[in-house]
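Model, not experiment: these values are computed from the prediction. Just so it is clear, the values below take in all heavy atoms, side chains as well, and ignore hydrogens, waters and symmetry mates. Labels below follow one simple rule: chain letters A, B, ... track the order of the sequence lines, proteins then strands, and each chain is numbered from 1.
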Amino acid sequence: MSDSTPTTSTVDPETVIPAPRPGDPEITPEVVEAHGLSPEEYERVVGVMGRTPTFTELGVFSAMWSEHCGYKNSKRLLSLLPTEAPWVIQGPGENAGVIDVGDGMALAFKIESHNHPSAVEPYQGAATGVGGILRDIFTMGARPIAVLDSLRFGDLDSGRNRYLFAGVVKGVGDYGNCVGIPNIGGEVFFDRAYDGNPLVNAMALGLMKREELIKGEASGTGNPIMAVGARTGRDGIHGATFASEELSEDSDEASRPQVQVGDPFTEKLLLEASLELIRSGHIVGIQDMGAAGVTSSASEMAGRAGSGVELEMADVPVREEGMTPYEILLSESQERMLVAARKGREEDVRKILAKWELEAEVIGEVTDDGYFRILEDGVVVANIPALPLTDGCPTYEREGIEGDDVKEARARDLTEFLAPEGDLTDPFLRLLGSPNIASKRWIYDQFDTTVRTSTVVRPGSDAGVVRLRGSRKAIAATTDCNGRYCWLNPREGAKAAVAEAARNLVCTGALPTAVTNNLNFGNPLKPHIYFQLREAVLGMAEACSLFETPVTGGNVSLFNETDGVAIYPTPVIGMVGLLDDVDQATRAFFTHEGDAILVLGETREEIGGSEYLYREHDLVAGEAPLVDLLAERRLQHAVLGMAQKGLLRSAHDCAEGGLAAALAESAVGGEKALGVKVELTSRLAPVAVFFGESTGRVVLSCAPDDESRVLDTARHHGVPAARIGTVGNEGGAFAIRTPLGSIETSVNEVRTRYFGALPALMERTRSEEPV
Amino acid sequence: MSRFDIEVRVKPRPGLLDPQGKAIHHALESLGYPGVGEVRVGKVIDLTLEADSEAEARERADEMCRKLLSNPVTEDYQLRVRASAGKEAEG
Amino acid sequence: MSRFDIEVRVKPRPGLLDPQGKAIHHALESLGYPGVGEVRVGKVIDLTLEADSEAEARERADEMCRKLLSNPVTEDYQLRVRASAGKEAEG
Amino acid sequence: MKVAVITFPGSNCDYDCYHALKTLGGFEPEFRWHGDRELKGVDAVFLPGGFSYGDYLRSGAIARFSPIMEAVRDFARSGGPVVGICNGFQVLCEAGLLPGALLANESLLFRSYDIHIRVETLRTPFTSAYERHQVLRIPIAHGDGNYHADDEVLAELEGEDRIVFRYVSPAGDLTPEANPNGSAHHIAGIVNESRNVLGMMPHPERAVEPVLGSTDGAGLFASLRAHLEGALA
Ligand SMILES: Nc1ncnc2c1ncn2[C@@H]1O[C@H](COP(=O)(O)OP(=O)(O)O)[C@@H](O)[C@H]1O
Ligand SMILES: [Mg+2]
């Protein structure tokens, strides 16, 4: 390893044609195919280069033009999303979106998927997923203040799914716990559609002073490029291309060398060192080496600045002997950053890193020729125009046609399932035992939720809330998506996801402010999948526009299929909201015996796509619940108004499991289990009233004296509202009645079912085959 | 039926990052031990097994390793089987 | 100076509760492996060390074990030292 | 009163401790770096929670060799109050400043939620402001909190009234469910023989403001403040 800055080659970049490296394979159609490039895309590469690429260059293109980095199947659709608002400081295009939160402070936030790595090695896959998203945040200059995780698995009666679930939860926990970032929420959903293809999406939020915002740009000709943090090993090579391929039977075997191991301790040091570095003024740009490692970080930094870079592979600190430039360029070793420093400040940079027991090495410099040039011991091995590499990836608009199976499922007549009347206590208790409804405490008890002493609302309520130290303000965040609705109707399902996220925020007392999203879909080359993708994006765009919650970033994860079967379309929405006064933070749980229970919004006879149908009848069918965005907006304003006036003792979004589940959660989720006595006048089928999942509803409680003010506020906003019952005593009866049906049990029974279900399901983990 | 002592050593696969090993290496260096090369940390699992023969014990233990005791994605294992005879002496 | 391979096996002291061992035992039983006796889980730490002699290597490694690699309150250790000679074969 | 908060590589509750000391008033907290060799005239020392050196090998095992630990040892020997919280407790045990060791939680899972602990003794610089057998609600967040010591040591701790906090039910009873990690004798915190070094797994610094859901940890800081004021007066 030489410690001198490599000198820019004197050759004209346009004419530098790297000679093939000894030992590199020849470029054949098979090699091109193995790199995930279609013959047409390869032609385009040749067009850009004006010649046949070297093997190293092919590797670089394959990574940058993968779906993961190049967004070739999604870019055109993503351009339909609303991205602007006065409070947006940084929209899509950077490592994370950034919004203004007042008082000179800015919030960076982003969601990212680690689905495929987690399918292969759940613990490391999830851990490195959290690591990656944290780096996306602190690379912007923001200190991470919270993480959330959005997870999907197949049903828990399979040992493999329990193994995946347990491993992912432990991975998410261990990493965030060690770095010391509180987990404030997330979601998990179990359905056979995710068998073999779990989804692991992690979201992070970070806070900075506005002026501390820094971008991933490599500007200033002659400025040194430095590799910072962990050394580069052979792990995760070609992870980017891998993340864009379908999983097949033998992928466990084939993908072994691609497992990346996370080191949260190094991440914590890297976090402190990076923030110190950014504040020091010694650097002009910084970016994490995420997917496609050095390749994507260096070329993107050059692309954004309109500059070029020249890197010497022999100077990259490596963990193993004999790594080829190809391997170094594509390694996805974790906990690394690429930094463009100011010329002459190399020593200062090294000193800051050394304080945190980390390394920093000069590996190249910024050039002005617009080329991404790679040297090995002074010999050029790759020389690619940077802009076409980062932005020239072909993008496709494909044919989208709705699948026949979906049409059929949606057209299914559900009348017969609406028939049951009378005592519905048993199905209710069974529903509480569904892992989709039951308490998720088993998960978040493994997460440090209180480190940083700012968590005001912990996981378990509608949205997490962290206060901003030194001000009255607080930030709320949530992730949401129901894949079943999205499968039945991707446009309505995506709208429902946005609406639910916003509802979760207002129920916590926060004003919905901005969105990040993770598009988890199957293979977009299939028309029915592309249809889902397009429809979902359109639905998301419509809802986000209307709610004035611009999309500031996100991530796309396609090809989530196992043996040709796709997951449900799952456009996960991560939404952040603001509270002007932390004391307005509202929780989902009843607090006082005798309080009035009210419901806002309209209950329709909708059981399509419901958890009730899935658990009781093993059926995913019918129309997804209708989403009335204007009504949703009125509802949001009404609830926020009530929270701001301090009228609410509790507010809870009504979602999976319907009104009965929402009442149960409000009754037992808090410190004490309080009884519930509810009388409904609806003459709709009781199954629909209790378990139907009509959107746009909120269950509230308030002091009896405030009931009329709550009703007035609702009326003022044009939101249907009614008092439906009363909060009972601790350990009391839990009763919901309609003229046609009833649920009668004790709140202690509800509590036992609700909290006992997931531990009981997972108790079996340790006694079963993990692999 | 005889009893066999099984020792399974489970180690991170070569090439994979071993953060524990890295931290220990660093600690040993700062404690002033020179000349320490790479450090790798694994698990050692001791158990006893009843079987008709050593071959059978080995076979069963090997299956346990593949199924439960090691994670084939990230770990390799080594197996040692011996007839039980009180404490082994080693050092 | 020669290079030595050091293998340190750190095991929970006898009598000490070993929840990990217990969990594995339980899992093996429910996977249908009969005849499994007590399971104990420890750590194995591999490192290489430069020293003038095997005796010196052993002495230094022993000190590392006492100082850092094991906790005498809860753990015992066993040490193996051999001259480095490429890969060991075992099984 | 100057209080040192030690930052090891991987500490992540150092700022939380600092913030609690600052917010509660009466203290002048200052960070000390693991590589420092001197405490520089402080009146008390906090070893905060976190994952020093990633908790690799064993929790606290590597941190105890940090240069600053020599100074902490001297400070403790001279009777200065030292509080180790969570990872800090683990470091104190590894360093031999407190007896015993913290093993993996019996469940083998990281445990993070509010637990209840009972104040067992008021005869420490850290608990005088509480009432005897007062039940506190305080968060825990740890994977290795299962206190272990041999029977002799446990008898000594019991006999010398050195068990400071025990895990209990909300009503204050020693029920099995109240013990989150399998700790011997439900131990959540202990002091050394001279009663000036406290190690505890729960996080009092996370329970000092109403907005965080509990202020039950504030008594520890109040006790320390009173102790120091007494000592300085
Ligand atoms: N679903 C999406 N909606 C909006 N923007 C997106 C979406 N997915 C990705 N983006 C934006 O595209 C940009 C490039 O993707 P990025 O996620 O940075 O790749 P990486 O995996 O390296 O982080 C980011 O700014 C990101 O916010
Ligand atoms: Mg990124």
Side-chain angles (χ1 to χ4, degrees), chain B residues 1-12 14 18 20-21 23-52 56-58 60-65 67-69 76-81 84 87-91, chain C residues 1-12 14 18 20-21 23-52 56-58 60-65 67-69 76-81 84 87-91:
Chain B
M1 276 299 222
S2 336
R3 185 152 281 282
F4 295 89
D5 290 332
I6 314 281
E7 189 195 69
V8 180
R9 280 175 296 174
V10 181
K11 302 189 178 179
D18 176 12
Q20 282 218 67
I24 294 173
H25 184 256
H26 188 76
L28 287 173
E29 272 190 339
S30 28
L31 278 176
Y33 292 102
V36 178
E38 199 188 287
V39 183
R40 308 280 287 174
V41 183
K43 271 191 301 236
V44 54
I45 303 165
D46 285 295
L47 52 90
T48 65
L49 197 58
E50 302 220 340
D52 285 329
E56 191 203 311
R58 176 178 303 276
R60 289 237 305 282
D62 199 64
E63 199 187 309
M64 291 176 189
C65 286
K67 277 195 142 167
L68 182 81
L69 302 179
D76 291 330
Y77 65 89
Q78 299 172 314
L79 197 58
R80 253 205 275 176
V81 181
S84 277
K87 282 267 156 262
E88 56 172 291
E90 229 187 345
Chain C
M1 278 298 224
S2 338
R3 185 152 281 283
F4 294 89
D5 290 333
I6 315 281
E7 189 194 69
V8 180
R9 281 175 294 174
V10 181
K11 301 188 178 177
D18 175 14
Q20 226 186 328
I24 292 179
H25 185 257
H26 184 68
L28 286 174
E29 272 192 337
S30 27
L31 278 176
Y33 292 102
V36 178
E38 202 192 4
V39 183
R40 309 281 290 173
V41 183
K43 276 187 287 239
V44 53
I45 303 165
D46 284 297
L47 52 90
T48 66
L49 198 57
E50 302 221 338
D52 285 331
E56 190 202 310
R58 175 177 304 276
R60 288 237 306 283
D62 199 64
E63 196 187 309
M64 291 175 189
C65 287
K67 266 189 124 168
L68 177 73
L69 301 179
D76 292 329
Y77 65 88
Q78 298 171 313
L79 198 58
R80 254 205 272 173
V81 180
S84 279
K87 282 264 156 266
E88 57 172 292
E90 231 186 345

**OP:** Report the option among C:R60, C:E50, C:R40 that has the most heavy-atom pairs separated by less than 4.5 Å from atoms of chain B.
**Re:** C:R40
Original post:
For C:V41 and B:K43, what are the C-alpha separation, side-chain angles and deciding distance, and is it a side-chain contact (heavy atoms from CB on, under 4.5 Å)?
Top reply: CA-CA 7 Å; C:V41 183; B:K43 271 191 301 236; 4.1 Å; yes
Subject >> Non-hydrogen atoms of B:V44 and C:V10 that approach each other most closely >> reply: CG1-O, 4.4 Å
Subject >> Interface residue of largest heavy-atom contact number with chain B, from C:H25, C:Q20, C:E38, under 4.5 Å >> reply: C:E38
**OP:** Pick one of side chain, backbone, both or neither for C:I6, based on which atoms fall under 4.5 Å of a heavy atom in chain B.
**Re:** neither
**OP:** Among B:I24, B:L31, B:V36, find the residue that satisfies the side chain to side chain contact (heavy atoms under 4.5 Å, CB included) test when tested with C:M64.
**Re:** B:V36
Original post:
For chain B, which of C:G42, C:P34, C:G21, C:G37 has the most heavy-atom pairs under 4.5 Å?
Top reply: C:G42
Subject >> Interatomic distance, B:D46 atom CG to C:K11 atom NZ [nearest 0.5 angstrom] >> reply: 3.5 Å
Original post:
Are C:L28 and B:L47 side-chain neighbours, meaning at least one heavy-atom pair lies under 4.5 Å?
Top reply: yes
Original post:
What distance do B:E7 atom CD and C:R9 atom CZ have between them, rounded to the nearest 0.5 Å?
Top reply: 4.0 Å
Subject >> Which portion of C:L68 sits near chain B, non-hydrogen atoms under 4.5 angstrom >> reply: side chain
